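First the structure, in the form of structure tokens, and then the observations on it.
The shown structure was predicted, so the numbers you read here are calculated from the model rather than taken from an experiment. Chain naming here is simple, since letters A, B, ... match the order of the sequence lines and numbering starts at 1 in each.
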Number of protein chains: 2
Amino acid sequence: MNIENAQVQMRKGILEFCILHIISRGEVYASDMLEELTSARIMVVEGTLYPLLTRLKNAGLLDYKWVESTSGPPRKYYLLTETGQASLKGMNDTWQELSDSVNSIVSKTDKHKAAINGLTTVESPAPAAETSPDTPSGEN
Amino acid sequence: MNIENAQVQMRKGILEFCILHIISRGEVYASDMLEELTSARIMVVEGTLYPLLTRLKNAGLLDYKWVESTSGPPRKYYLLTETGQASLKGMNDTWQELSDSVNSIVSKTDKHKAAINGLTTVESPAPAAETSPDTPSGEN
DNA sequence: CAAAGGTACTATGCAATGCAAGGTACTTTA
DNA sequence: TAAAGTACCTTGCATTGCATAGTACCTTTG
């Protein structure tokens, strides 16, 4: 997949985790969540956030209350339910383990490159590998 | 989503990234990739890995060659194409930025909890929030 | 030599989430 | 009163990881 698509795919599961974190700090409405995601360089828009909030509400992880605004329509302020807090605890572990796993693989590659280059950190292109024609069975 | 599903969702995009890293170190076949994923605590099975390898091959990121085995059927040894190497470079940045984003959000929450608890690091349960009845419009 | 076991690989439909695009509704301003 | 700003909603689609069932080759055993 191309880089943009890779970014989309890598956000799956992550966005919910981030949202639960943001809401866990106290009641907050959608626009504030978007601001914080943007400042953390996770670029999402309302069309992504509202369906996610609805899904989390329906799954029992969130509750909300309407609050009148002094400058526009009323707003939904969200907070975590106890289910949501429990879910967030679990996802903390999930994220930590996944992140450790990925970083251990990445650092093995970096060490491998360092070893090949005699401890220099300059990356040199690997020699192009020859592709032999398929043998036992045809192209899949 | 529950924790197991969260793990599945969080792997989207990540698995390809890990596979590209593993293959970037030199030609390798599927069973070795599975071993390394397992040792990094990313538990996948053949039914997940082979379709991914096929997809990456079809996308031009990988090549393979058949190699006779001394103890079973022939094996496909995979290596990255130049496209695959370029893709991996891009995904390094994608992963790094996403990881930094998530960790910044997570650490903001931790600081918030520490502030609430008067700089102790012991987590205490947040008081359950009251949910008011819906007001301007019905339940979504 | 045939059957069984081990190993390697293939194919495919499904579940689930993030996304894009179009939309409604309330409040404020001109 | 209409336009602009703000807040929220809906829905179909793209994509990947997964589970399951399957094929095929090689080695070992009977």
Side-chain angles (χ1 to χ4, degrees), chain A residues 1-19 28-35 37 42-59 64 66-78 91 98 134-140, chain B residues 1-20 28-35 37 42-59 61 64 66-78 91 98 134-140:
Chain A
M1 51 177 145
N2 62 29
I3 294 305
E4 278 162 14
N5 185 46
Q7 288 169 340
V8 169
Q9 294 306 322
M10 283 186 177
R11 279 189 210 124
K12 288 184 189 290
I14 296 293
L15 205 50
E16 170 175 338
F17 179 50
C18 292
I19 290 301
V28 59
Y29 83 122
S31 188
D32 288 337
M33 299 179 206
L34 283 173
E35 276 185 39
L37 290 169
I42 297 178
M43 313 301 188
V44 301
V45 295
E46 292 93 341
T48 300
L49 184 55
Y50 286 110
L52 173 55
L53 291 174
T54 302
R55 194 176 351 117
L56 295 177
K57 168 70 169 81
N58 291 342
Y64 63 80
W66 284 101
V67 172
E68 298 294 324
S69 165
T70 54
S71 63
R75 301 168 175 171
K76 274 179 174 173
Y77 276 85
Y78 287 89
M91 293 183 83
L98 181 72
D134 295 324
T135 41
S137 60
E139 184 100 44
N140 289 327
Chain B
M1 52 177 144
N2 61 31
I3 294 304
E4 279 163 11
N5 184 49
Q7 289 170 338
V8 170
Q9 295 307 322
M10 283 186 178
R11 278 189 211 124
K12 287 187 190 288
I14 296 292
L15 206 49
E16 169 175 337
F17 179 50
C18 292
I19 291 301
L20 291 180
V28 58
Y29 85 120
S31 186
D32 288 337
M33 299 179 205
L34 283 173
E35 277 185 39
L37 289 170
I42 298 178
M43 314 299 186
V44 301
V45 295
E46 292 92 341
T48 301
L49 182 56
Y50 284 110
L52 173 54
L53 291 173
T54 302
R55 194 176 349 115
L56 295 177
K57 167 71 168 82
N58 290 341
L61 274 57
Y64 63 79
W66 284 101
V67 172
E68 299 293 325
S69 165
T70 54
S71 61
R75 302 167 173 172
K76 274 180 174 173
Y77 276 84
Y78 288 88
M91 292 184 83
L98 181 72
D134 295 324
T135 41
S137 59
E139 187 101 46
N140 288 327

Nearest of [options] to any side-chain atom of [X]?
X       : options               : result
A/Pro51 : D/dA7, C/dG18, D/dT11 : D/dT11
B/Thr48 : D/dC18, D/dC8, C/dA8  : D/dC18
A/Lys76 : D/dC8, C/dG18, D/dA7  : D/dC8
A/Pro73 : D/dG5, D/dC18, D/dT15 : D/dG5

Sugar-phosphate only, base, or nothing, as touched by A/Leu52 at under 4.0 Å among non-hydrogen atoms: sugar-phosphate
Atom-pair distance ([atom1] on [X]; [atom2] on [N]), nearest Å:
X       : N      : atom1 : atom2 : result
A/Lys12 : C/dA15 : NZ    : P     : 15 Å
B/Tyr50 : C/dT12 : OH    : P     : 18 Å
B/Asn2  : C/dT17 : CG    : P     : 9 Å
B/Glu68 : D/dT27 : CD    : C1'   : 14 Å
A/Met33 : D/dA7  : CE    : P     : 12 Å
A/Arg75 : D/dG5  : CZ    : P     : 17 Å
B/Glu35 : C/dA8  : CD    : P     : 10 Å
B/Leu49 : D/dG17 : CG    : P     : 10 Å

Test ring pair (Phe, Tyr, Trp, His ring centres under 6.0 Å) applied to B/Tyr64 and B/Tyr50, B/Tyr29, B/Tyr77, B/Tyr78, the passing residue: B/Tyr78
Can you check whether [X] has a side-chain N or O nearer than 4.0 Å to OP1 or OP2 of [N]?
X       : N      : result
B/Arg11 : D/dG17 : no
B/Asn5  : C/dT17 : yes
A/Arg55 : C/dG18 : yes
B/Tyr29 : C/dA8  : yes

Note, B/Met10 side chain near A/Met91 side chain (heavy atom, < 4.5 Å): yes
Residue pair A/Trp66 / A/Arg75, side-chain heavy-atom distance below 4.5 Å: no
Matching residue for B/Leu15 among B/Leu20, B/Val44, B/Leu49 - test: side-chain contact (heavy atoms from CB on, under 4.5 Å): B/Val44
Contact nearer the 5' end of DNA chain C, comparing A/Ser69 with A/Phe17: A/Phe17
Between CG on residue A/Leu53 and OG1 on residue A/Thr48, distance to nearest 0.5 Å: 11.0 Å
Residue closer to the 5' end of DNA chain D, A/Gly47 versus A/Ser71 (nearest nucleotide): A/Ser71
